[in-house]
Amino acid sequence: SKARRRTGSSSFLCAKKREVMQKESYDIAFCYDMLGKTSRSFAAVIRSLNDELRDAVCVFYLALRALDSVEDDPAYPTEKKIPELQTFYQHLSTTPWSLSGCGEKEHERELLEGFPRLLNIFNKLKPEYQTVIRNTTRRMGEGMASFVGRVPDSVQDWDLYCHYVAGVVGIGLSDLFAASGLEDKKTFSCSNSDGIQSGGIESLSNSMGLFLQKTNIIRDYLEDVNDKRLFWPKEIWIKHTPDIYNFRDFRQEYYASSLHCLNELITNALYHVPDCLTYMALIKEQSNFYFCAIPQVMAIATLAACFNNHQLFEGVVKISRDLTEQIIGDLNNIKSVHKWFQRFIEEIKGKIDVTDPLRDETLRICNRVTDLIQAQDKSESKL
């Protein structure tokens, strides 16, 4: 009968729907499992995002993390690596794609081999989100390819490298914020901006990425030189030693110069702080604010711990769990961000050595940050 046929058809459609939902659930579970394996710190803040953005930012992060895994693998042949980086964005399509035999670590290989599961979720995102993720992946891949086989020798090169691996991420996130409707589209859209030198939203977004990336590069000196990877710009370290490995080898004659070099790099990174504070003051949606504020405050805390600290050349400088929990529990608005930034700026100022040749410049940027915080707090209190 017609009724029986409709019932049979309905049962079939329900079964197919359950099958699709189970597959989607399996794919999204893979994404969040990989998120936890590739970055514990970013996993927590991504999971805290609003429902509207959470999956898009998760896929965004993992797509770029997969790209980064290709760049980071020293065993992957250069003749394959460069074209793969340049065309990686093309894999973000409806055609299943995966890569075997690439990735230094097990979770990196797992992500590249399981990439079709990521693509299944990518293809369910809003077209606006897909466009941002694909464009950011293209820009990052092309930039990474230009640095294969060479290191950032000049400060200008350092800024450019950090732009490609982190600044474009900040720019892409701003475009995702704009596309989500959770933030003002006119304020956060980078697509019509005048570029990273303009002082506009693209420039602020770039600084958000550069501040985090430079902090990581500074902190990870020992791990990187032990792996024979040099990310500290030669233009800076050559002023303090003829060989950057001298800092690692605990040679007494380089004790003071190693600290001067470290402090100069930290001072360079601090110049991004005013842009970061300006950017965070623009964010309206609470989960977006947490997402941006927590890594930024942890970065300034890390720089304060590293400043003038020779332990960086001997081991790992870490922020204590207690302090981390205090920071995360306290960040609820821009004033709380200001409080923590000011605390760590004062900590840096208190550690400046009178013999440091860059002491005046470090003090100037610290005082500039303090002046901005006071001006923003005054402006906030009038609202």
Does the separation of the ring centres of F115 and H91 fall below 6.0 angstrom?
-> no
Determine, step by step, whether K126 and E52 satisfy the salt bridge (charged side-chain N to carboxylate O under 4.0 Å, His left out) criterion, reporting the C-alpha distance in whole Å, the side-chain angles of both residues, the deciding distance to 0.1 Å, and the verdict.
-> CA-CA 10 Å; K126 290 179 179 179; E52 171 62 32; 2.8 Å; yes
Using 4.0 Å as the upper bound for N to carboxylate O, is an ion pair formed by K37 and D33?
-> yes
Shared ILVMFWY cluster between L358 and L259, side chains joined below 4.5 angstrom?
-> no
Would you say the side-chain atoms of R248 pair up with the backbone N or O of I244, donor to acceptor, closer than 3.5 Å?
-> no
Going through the distances and angles, do D159 and K214 end up as a salt bridge (charged side-chain N to carboxylate O under 4.0 Å, His left out)?
-> CA-CA 9 Å; D159 283 348; K214 287 184 177 181; 2.5 Å; yes
Report whether I82 and M140 are members of the same hydrophobic cluster (ILVMFWY, side-chain heavy atoms less than 4.5 Å apart, transitive linking).
-> yes
Grab the two heavy atoms, one from V337 and one from F289, that are nearest each other, plus how far apart they are.
-> CG2-CZ, 3.5 Å
Looking at A166 and Q213, what are the two nearest heavy atoms and their distance?
-> CB-CB, 3.6 Å
Under 3.5 Å, side chain of R117 to main-chain N/O of C31, donor-acceptor pair present?
-> no
Sub-3.5 Å donor-acceptor pair from the side chain of S48 to the main-chain atoms of V45, do we have one?
-> yes
Please say whether more than 12 non-hydrogen atoms of neighbouring residues, nucleotides or ligands are located less than 6.0 Å from CD in E79.
-> yes
Tell me whether Y271 is reachable from L210 by hopping between hydrophobic residues (I, L, V, M, F, W, Y) whose side-chain heavy atoms are closer than 4.5 Å.
-> no
Atom CG in D360, atom CD1 in I365: separation rounded to 0.5 Å?
-> 14.0 Å
Distance-only, no hydrogens or angles: does the T87 side chain make a donor-acceptor pair with backbone N or O of P83 under 3.5 Å?
-> yes
Going hydrophobic residue to hydrophobic residue with side-chain gaps under 4.5 angstrom, can you get from I300 over to L277?
-> yes
Does any pair with a residue in residues 56-75 pass salt bridge (Lys or Arg N to Asp or Glu O under 4.0 Å), and if so which ones, sequence neighbours excluded?
-> R65-D68, R65-E108
Please assess E235 against D157 for the test side chain to side chain contact (heavy atoms under 4.5 Å, CB included), listing each intermediate value before the final yes or no.
-> CA-CA 10 Å; E235 182 181 336; D157 264 358; over 6 Å; no
Determine, for D330 against K339, whether the closest basic-nitrogen to carboxylate-oxygen distance falls under 4.0 angstrom.
-> yes
Please indicate whether R321 has more than 12 foreign heavy atoms, meaning atoms of other residues, nucleotides or ligands, lying under 6.0 Å from its CZ.
-> no
Partner set under ring pair (Phe, Tyr, Trp, His ring centres under 6.0 Å) for Y89, not counting sequence neighbours = none
Go through the steps for Q326 and T324 under the test side chain to side chain donor-acceptor pair (under 3.5 Å), then give the verdict.
-> CA-CA 5 Å; Q326 285 180 47; T324 300; over 6 Å; no
Please answer whether the main-chain N or O of Y32 pairs with a side-chain N or O of R47 as donor and acceptor at a distance below 3.5 Å.
-> yes
Ionic contact status for R54 with D51, cut-off 4.0 Å = yes
Counting distance only, does the side-chain N/O of S189 pair as donor-acceptor with the main-chain N or O of K186 below 3.5 Å?
-> no
For F307, check ring pair (Phe, Tyr, Trp, His ring centres under 6.0 Å) against everything at least two apart and list the hits.
-> none
Greater than 12 external heavy atoms within 6.0 Å of R368's CZ | no
Check M208 against C292 and note the closest heavy-atom contact, atom names and distance.
-> CE-CB, 3.9 Å
Rounded to the nearest 0.5 Å, how far apart are CD1 of I171 and OG1 of T136?
-> 8.0 Å
Any chance you could lay out the side chain to side chain contact (heavy atoms under 4.5 Å, CB included) test for Y61 and V169, step after step, and finish with the verdict?
-> CA-CA 9 Å; Y61 175 83; V169 181; over 6 Å; no
Would you mind telling me which of F313, W237, Y255 makes a ring pair (Phe, Tyr, Trp, His ring centres under 6.0 Å) with F247?
-> F313
From OG (S258) to NE2 (H240), nearest 0.5 Å | 10.0 Å
Sequence neighbours left out, what passes side chain to side chain contact (heavy atoms under 4.5 Å, CB included) with A56? Give chain and number order.
-> L125, Y129
Answer yes or no: is there a donor N or O on one side and an acceptor on the other, between the side chain of R359 and the main chain of I352, under 3.5 Å?
-> no
S287 side chain to N50 main-chain N or O, any donor-acceptor pair under 3.5 Å?
-> yes
Over 12 non-hydrogen atoms of neighbours within 6.0 angstrom of CD in E104 | yes
I would like to know whether L62 and T38 meet side chain to side chain contact (heavy atoms under 4.5 Å, CB included); could you show each step before the answer?
-> CA-CA 8 Å; L62 289 176; T38 53; 3.9 Å; yes
Is the gap between the ring centers of F341 and H338 under 6.0 Å?
-> no
Y279 ring center near F188 ring center (under 6.0 Å) | yes
Just jot down the ring pair (Phe, Tyr, Trp, His ring centres under 6.0 Å) partners of Y245, sequence neighbours excluded, or say none.
-> none
From the list N367, T267, N308, D356, side chain to side chain donor-acceptor pair (under 3.5 Å) partner of T362 resolves to T267
Using a strict 4.0 Å threshold on nitrogen-to-oxygen distance, state whether K81 and E84 make a salt bridge.
-> no
Is a donor on one side and an acceptor on the other found under 3.5 Å between the side chain of E113 and the backbone of L99?
-> no
What are the two closest non-hydrogen atoms of N123 and S93, and how far apart are they?
-> ND2-O, 3.1 Å
Rounded to the nearest 0.5 Å, the CD1 atom of I327 sits from the CH2 atom of W340 at a distance of 5.0 Å
Which is it for S98 and L112 under the side chain to side chain contact (heavy atoms under 4.5 Å, CB included) test, yes or no, and what are the steps along the way?
-> CA-CA 6 Å; S98 64; L112 287 166; over 6 Å; no
Around atom NZ of K351, are there more than 12 heavy atoms of other residues, nucleotides or ligands at under 6.0 Å?
-> yes
With a 4.5 Å heavy-atom cut-off, do F60 and L173 have their side chains touching?
-> yes
Take W97 and F88 through the ring-ring contact (aromatic ring centres under 6.0 Å, His included) test and state the conclusion after the steps.
-> CA-CA 10 Å; W97 172 88; F88 194 91; 5.3 Å; yes
With a 4.0 Å cut-off, would you call E264 and K239 a salt bridge?
-> yes
Considering non-hydrogen atoms only, spot the tightest contact between A305 and N309 and give its length.
-> O-ND2, 3.0 Å
Check F177 against L53 and note the closest heavy-atom contact, atom names and distance.
-> CD2-CD1, 3.6 Å
Among residues two or more places apart or on two chains, list those pairs meeting salt bridge (Lys or Arg N to Asp or Glu O under 4.0 Å) that have a residue in residues 164-184.
-> none
Expected output: side-chain W232 to main-chain Y221 donor-acceptor under 3.5 Å = no
